[in-house]
Amino acid sequence: YRHKFQTIIPGIDLRSLEPCWDKRTTRRRRAGDPFVVLQVGTICDRKNQQLLIDALVQVRDECPNEPIQVQLAGGVFEEDYAERLKEKVSAAGLDGDVEFLGWRTDVHDLMVCANLLAMPSRDEGVPNTVQEAMAIGLPVLVSEAGGTPEIVTEGRTGWVLGIYSPESWADRIV
């Protein structure tokens, strides 16, 4: 039955993350550097990037002079959703604060440079991205969807927040 299991990912490869761990522990945010929030996943309604943008609008209102950058790493799965997201970013004047990075093969390098990983999904299993972020010491904000609440230790490795509460996401980011 070995051929049936070639597509199942058996978890994360901790050895591949060792260089990232070393880089994260020595990296410090300098004055003037933006606070970087990374979200990894296909651009689609299920991944709920809309919530993150809504939270960013509130963060901007509360801390207008604090440099912050949201990076969305992932290919577009739903074109209409991606267009609405880009329109919302533009209408809110966040073009300089939000980057649509597209599909990336250097996600671990992005994690090293980020200050927070956000996973605001409406529906999720137990994403490797969240596990990898926690393994290298990157705090995570995750929604209460799927298996993520089971792997995040509240206040220690990250925080579990409501799926429909951009206010709580903004408060936690601030």
Side-chain angles (χ1 to χ4, degrees), residues 17 19-43 47-75 82 85-122 124 127-145 148-149 151-174:
L17 297 174
C20 299
W21 175 216
D22 294 339
K23 290 175 189 173
R24 274 225 32 95
T25 57
T26 58
R27 184 182 179 281
R28 297 286 179 251
R29 184 172 169 232
R30 290 177 252 145
D33 283 353
F35 184 84
V36 178
V37 179
L38 174 65
Q39 192 278 329
V40 178
T42 55
I43 306 296
K47 292 294 186 178
N48 200 18
Q49 290 93 350
Q50 176 72 48
L51 180 134
L52 194 53
I53 301 306
D54 290 343
L56 180 59
V57 168
Q58 292 181 27
V59 169
R60 273 278 152 252
D61 288 345
E62 192 171 330
C63 306
N65 299 320
E66 184 67 31
I68 186 168
Q69 184 176 40
V70 172
Q71 297 176 332
L72 303 175
L85 206 56
K86 288 176 182 176
E87 288 169 8
K88 182 167 188 86
V89 165
S90 188
L94 299 173
D95 292 312
D97 298 329
V98 178
E99 287 184 282
F100 290 84
L101 301 177
W103 178 259
R104 300 294 289 251
T105 59
D106 62 343
V107 170
H108 294 155
D109 293 331
L110 294 171
M111 286 181 185
V112 167
C113 296
N115 300 103
L116 181 70
L117 178 87
M119 189 66 69
S121 303
R122 295 179 198 283
E124 197 61 72
N128 283 352
T129 303
V130 171
Q131 295 175 76
E132 290 168 343
M134 292 186 304
I136 65 170
L138 178 62
V140 299
L141 279 183
V142 300
S143 68
E144 56 197 1
T148 52
I151 62 171
V152 174
T153 304
E154 186 72 25
R156 185 166 174 217
T157 58
W159 300 271
V160 180
L161 301 171
I163 299 171
Y164 303 103
S165 178
E167 301 83 17
S168 64
W169 287 73
D171 288 346
R172 184 52 64 189
I173 290 169
V174 170

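Taking D106 as the reference, R104 meet the side chain to side chain donor-acceptor pair (under 3.5 Å) condition, with sequence neighbours excluded. Partners of S143 under the side chain to side chain donor-acceptor pair (under 3.5 Å) rule, at least two apart in sequence or in another chain, do not exist in this structure. Applying the side chain to side chain donor-acceptor pair (under 3.5 Å) criterion to K86, with sequence neighbours excluded, gives no partner residue. For T105, the side chain to side chain contact (heavy atoms under 4.5 Å, CB included) partners two or more places apart in sequence, or in a different chain, are W103.
Across W169 and P120, no two heavy atoms sit closer than the pair CH2-CA, 3.5 Å. Between P67 and G32, the shortest heavy-atom contact is CG-O, 3.8 Å. Across all their heavy atoms, A118 and V37 have their closest contact at CB-CG1, 3.8 Å. Scanning all heavy atoms of the two residues, the minimum distance from G162 to L51 falls at O-CD1, 4.2 Å. The two atoms that bring P127 and T148 nearest to each other are CD-CG2, 3.5 Å, heavy atoms only. Residues L38 and A73 come closest through the heavy atom pair CD1-CB, 4.2 Å.
Put simply, the side chain of E144 never gets that close to the backbone of P149: no donor and acceptor are under 3.5 Å apart. Checking side-chain atoms of S165 against main-chain N and O of S168 turns up a donor-acceptor pair under 3.5 Å.
Taken to the nearest 0.5 Å, the CG atom of L85 stands 9.5 Å off from the CG atom of N48. Taking CD of Q131 as the reference point, atom OG1 of T157 lies at 11.0 Å (rounded to 0.5 Å). Taking CG from L141 and CD1 from I173, the interatomic distance works out to 6.0 Å, rounded to the nearest 0.5 Å. In this structure, CG in D33 is found 8.5 Å from CG in N115, a value given to the nearest 0.5 Å. Taken from CD1 in I136 to CE in M111, the straight-line distance is 6.0 Å, to the nearest 0.5 Å. Taking NZ of K88 as the reference point, atom CD of Q49 lies at 13.5 Å (rounded to 0.5 Å).
With hydrogens and angles left out, the side-chain atoms of D54 and Q58 include no donor and acceptor closer than 3.5 Å.
By the 4.5 Å heavy-atom criterion applied to side chains, V70 and Q39 are not counted as neighbours. Proximity of M134 to V152: side-chain heavy atoms (C-beta onward) are separated by under 4.5 Å at one or more points.
Judged as a salt bridge (charged side-chain N to carboxylate O under 4.0 Å, His left out), not a single pair has a partner in residues 158-174 (not counting sequence neighbours).
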Please tabulate, for the side chains in residues 91-101, all donor-acceptor contacts under 3.5 angstrom to protein atoms that are two or more places apart in sequence or on a different chain.
residue: D95; atom: OD2; partner: S90; partner atom: OG; Å: 3.4
residue: D97; atom: OD2; partner: R60; partner atom: NE; Å: 2.9
residue: E99; atom: OE1; partner: Q69; partner atom: NE2; Å: 2.5
residue: E99; atom: OE1; partner: Q71; partner atom: NE2; Å: 3.3

Start with the C-alpha distance between V174 and C63, add both sets of side-chain angles, then the distance that settles side-chain contact (heavy atoms from CB on, under 4.5 Å), and finish with yes or no.
CA-CA 8 Å; V174 170; C63 306; 4.0 Å; yes

